[in-house]
Amino acid sequence: MYFSKLFVPTVKEDPSDAELISHKLMVRSGMIKKTAAGIYSWLPLGLKVLKKVEEIVRKNLNNFDAEEILMPMVQPAELWKESGRYGEYGKELLKFDDRSNRGFVLGPTHEEIICEIFRSHPKSYKDLPVNLYQIQTKFRDEIRPRFGVMRSREFLMKDAYSFDIDEKGLVKSYGKMKDAYISIFDEIGLDYRIVKADSGNIGGDISEEFHILADSGEDLIAVSDSSDYAANVEVLSYDKDPSELEGKKSPDGKGKLKIKRGIEVGHIFQLGQKYSQAMNVGVKDMDGNSIHPFMGCYGIGVSRIVAAAIEQNHDDRGIQWPDKITPFGVNIICLDPESDEIMKVCSEIYSILQKSGFDPLLDDRDIRAGIKFKEHELLGIPYSIIIGPNNFKNTKLEFGIRAQNEKIDIKLDDIKKYLGEKYD
RNA sequence: CGGGGCAUAGCGCAGUCUGGUAGCGCACCUGGUUUGGGACCAGGUGGUCGCAGGUUCAAAUCCUGCUGCCCCGACCA
């Protein structure tokens with residue numbers, strides 16, 4: 001993409017209504033625009049990142065045998081009354097009537113719908129396990145939305161639901177999803193922990209959360225300093241002061257606990273039969289008896305991951321995107337777009353990189369060099385190739401690495417090789 | 001929902017206490033000089049001062065009500 005054709009409304013000053021660094025940077029880099037409290041529009045740059053995260057999630061789930069579907073955001077109140085959550089879920093559930101006064105809700109989660117879909121097609125144990133997921137906009141009327149897309153009312157979520165004939169199958173499906181999550185978060189490239197969690201209002205027995213570590217995280221998690229043990233302090237401290245946990249022996253017997261802050265970006269649950277019972281979902285077992293299948297549900301906050309990635313990867317100049325979710329792979333900064341010969345080299349490099357799949361951006365705008373450098377740092381594209389009159393004469397270029405704020409001279413012919421190494 | 005704060009040009013703000021014809025910076029447009037780190041000079045565009053009522057000769061400013069937004073708390077996949 002040529003920068004001159006992009007709609008990226010950058011802003012020099014921090015927005016007055018943002019507190020968190022990721023929120024400030026997302027607004028300043030023109031990724032998002034607030035439409036109402038906790039409700040955001042995604043602009044081209046932000047949407048590109050969101051789509052990349054979404055695609056990593058989709059690809060890995062497909063690899064682990066989950067099937068994608070798309071359920072409605074508007075759901076009949078009837079189904080929520082049937083599960084008992086219509087009254088129970090609380091004010092987060094946005095309720096409204098259609099023109100004929102039929103009650104509806106805006107879906108904050110989809111257990112009711114998935115059960116309704118599943119039960120309307122008679123199944124036997126032979127058809128299980130089934131694992132269905134969707135990536136969809138959710139709405140939760142949060143008491144207090146805050147921090148930009150980190151805790152918004154409308155947000156993009158991946159939610160998956162598994163059905164098994166028995167507990168043993170559920171444990172297996174759950175384990176498989178956990179493995180899928182591990183490959184997702186490994187691929188995205190953020191520092192995260194899997195923590196034991198309180199299953200909260202969704203219900204069920206066993207649940208684990210995936211947390212991206214960041215000082216601004218809203219959750220406190222206790223991690224062992226010498227094993228991979230980690231737990232949300234909610235499940236450890238009861239009424240005690242979380243700081244008392246610091247330095248205590250880890251419950252798994254290995255090492256001592258340290259308190260860290262995390263951003264919850266994934267949550268996996270073994271629901272058991274809670275919803276299949278409430279929603280009267282039946283499956284025939286080997287003896288021909290109808291039983292309620294064992295369900296699991298698995299969420300990932302796709303839009304929240306974008307904000308969390310910035311919380312974990314920024315400096316005082318702007319964002320530093322991880323390679324896998326950057327809006328552009330490399331920024332070719334042309335310092336003299338008026339010069340035909342310099343632009344020619346730039347566009348040649350551009351098309352080579354594009355063909356090689358590096359998703360290049362070419363800053364061809366006729367503006368001062370300083371602005372291009374500042375905006376490049378703000379936008380956080382991991383690599384830059386700087387081509388201007390000075391280095392052009394020597395048939396040399398500068399290669400910039402955003403994470404290190406460092407530039408090195410390289411030969412034109414070596415660019416592809418250098419980027420190739422970086423990407424592999 | 002309790003406590004606190006804010007609302008004036010696209011963005012960030014001053015002006016409000018003490019009422020008197022709305023201002024600054026950035027951005028944007030013109031021209032010129034510049035041109036490897038958010039340039040400079042000159043000129044210019046842009047506002048029913050959140051909304052509705054009230055007080056007054058006169059309201060951004062005082063009074064009443066409402067709405068929106070932010071922060072702290074409770075709550076939360």
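Just so we're on the same page: letters track the sequence lines, and every chain starts at 1.
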Could you list the residues that satisfy side chain to side chain donor-acceptor pair (under 3.5 Å) with [X], not counting sequence neighbours?
| X | value |
| --- | --- |
| Tyr350(A) | Gln354(A) |
| Lys396(A) | none |
| Glu208(A) | Tyr174(A), Lys178(A) |

Is it the case that the side chains of Tyr181(A) and Asn60(A) hold a donor-acceptor pair, with the cut-off being a distance below 3.5 Å and no angle test?
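Not at all, the side chains of Asn60(A) and Tyr181(A) share no donor-acceptor pair under 3.5 Å.
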Rounded to the nearest Å, what distance is computed from the [atom1] atom of residue [X] to the [atom2] atom of nucleotide [N]?
| X | N | atom1 | atom2 | value |
| --- | --- | --- | --- | --- |
| Arg402(A) | G37(B) | CZ | C1' | 13 Å |
| Leu25(A) | C11(B) | CG | P | 19 Å |
| Lys12(A) | G12(B) | NZ | P | 15 Å |
| Lys33(A) | C11(B) | NZ | C1' | 10 Å |
| Arg28(A) | C26(B) | CZ | C1' | 13 Å |
| Glu13(A) | A14(B) | CD | P | 12 Å |
| Asn390(A) | U35(B) | CG | C1' | 11 Å |

Run the side-chain contact (heavy atoms from CB on, under 4.5 Å) test on Asp359(A) and Lys48(A) for me, step by step, so that the C-alpha distance in whole Å, both residues' side-chain angles and the decisive distance to 0.1 Å come before the verdict.
CA-CA 11 Å; Asp359(A) 198 6; Lys48(A) 270 200 96 173; 2.9 Å; yes
Which residue lies more 5' along RNA chain B, comparing Ile386(A) with Glu264(A) via nearest heavy atoms:
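In this pair, the answer is Ile386(A).
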Upstream residue (5' side of RNA chain B) when Lys91(A) and Glu209(A) are each assigned their closest nucleotide:
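Taking each residue's closest nucleotide, the earlier one in sequence belongs to Lys91(A).
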State which of G37(B), G36(B), G38(B) makes the closest approach to the side chain of Arg317(A).
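Looking only at side-chain atoms, Arg317(A) lies closest to G37(B).
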Span that lies between the [atom1] atom of [M] and that of [N], in whole angstrom:
| N | M | atom1 | answer |
| --- | --- | --- | --- |
| U16(B) | A59(B) | C1' | 10 Å |
| C1(B) | C26(B) | C1' | 39 Å |
| G23(B) | C49(B) | C1' | 12 Å |
| G2(B) | U45(B) | P | 48 Å |
| U30(B) | C70(B) | P | 36 Å |

For [N], the Watson-Crick or wobble partner whose two distances fall under 3.5 Å:
| N | answer |
| --- | --- |
| C66(B) | G50(B) |
| C28(B) | G44(B) |
| A59(B) | none |
| G38(B) | none |
| G73(B) | C1(B) |

Close residues, residues 362-376 of chain A, relative to RNA chain B [heavy-atom separation under 4.0 Å]
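Per residue number, the list reads Arg368(A), Ala369(A), Gly370(A), Ile371(A), Phe373(A), Lys374(A), Glu375(A).
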Which residues in residues 63-81 of chain A have at least one heavy atom lying under 4.0 Å from any atom of RNA chain B?
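None, since no heavy atom is under 4.0 Å.
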Quick test of your reading: applying side-chain hydrogen bond (donor to acceptor under 3.5 Å, both in side chains), list the pairs with at least one residue in residues 292-302 of chain A, sequence neighbours left out, ordered by first then second residue.
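Residue pairs with at least one partner in residues 292-302 of chain A: Ser162(A)-Tyr298(A).
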Selection residues 331-342 of chain A - residue pairs positive for salt bridge (Lys or Arg N to Asp or Glu O under 4.0 Å), sequence neighbours left out
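Not a single pair qualifies under salt bridge (Lys or Arg N to Asp or Glu O under 4.0 Å).
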Tell me the salt bridge (Lys or Arg N to Asp or Glu O under 4.0 Å) pairs involving residues 299-315 of chain A, sequence neighbours left out?
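Salt bridge (Lys or Arg N to Asp or Glu O under 4.0 Å) check on residues 299-315 of chain A returns Asp315(A)-Arg402(A).
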Using side-chain heavy atoms (C-beta onward) and a distance below 4.5 Å, is Tyr275(A) in contact with Arg85(A)?
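In short, these two side chains touch, coming nearer than 4.5 Å.
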Could I get the full list of salt bridge (charged side-chain N to carboxylate O under 4.0 Å, His left out) partners for Glu246(A), not counting sequence neighbours?
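Scan of Glu246(A) (salt bridge (charged side-chain N to carboxylate O under 4.0 Å, His left out), adjacent residues dropped) gives none.
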Generate the contact string for nucleotides 67-75 of chain B. Rules: B means base contact, S means sugar-phosphate contact only, - means no protein heavy atom under 4.0 Å.
--SSBBBBB
Which residues share a side-chain contact (heavy atoms from CB on, under 4.5 Å) with Glu348(A), sequence neighbours left out:
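side-chain contact (heavy atoms from CB on, under 4.5 Å) list for Glu348(A), sorted by chain: Lys344(A).
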Could you pull out all residues at least two apart from Thr137(A) that satisfy side-chain contact (heavy atoms from CB on, under 4.5 Å)?
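With neighbours one apart ignored, the set is Met73(A), Glu154(A), Leu156(A).
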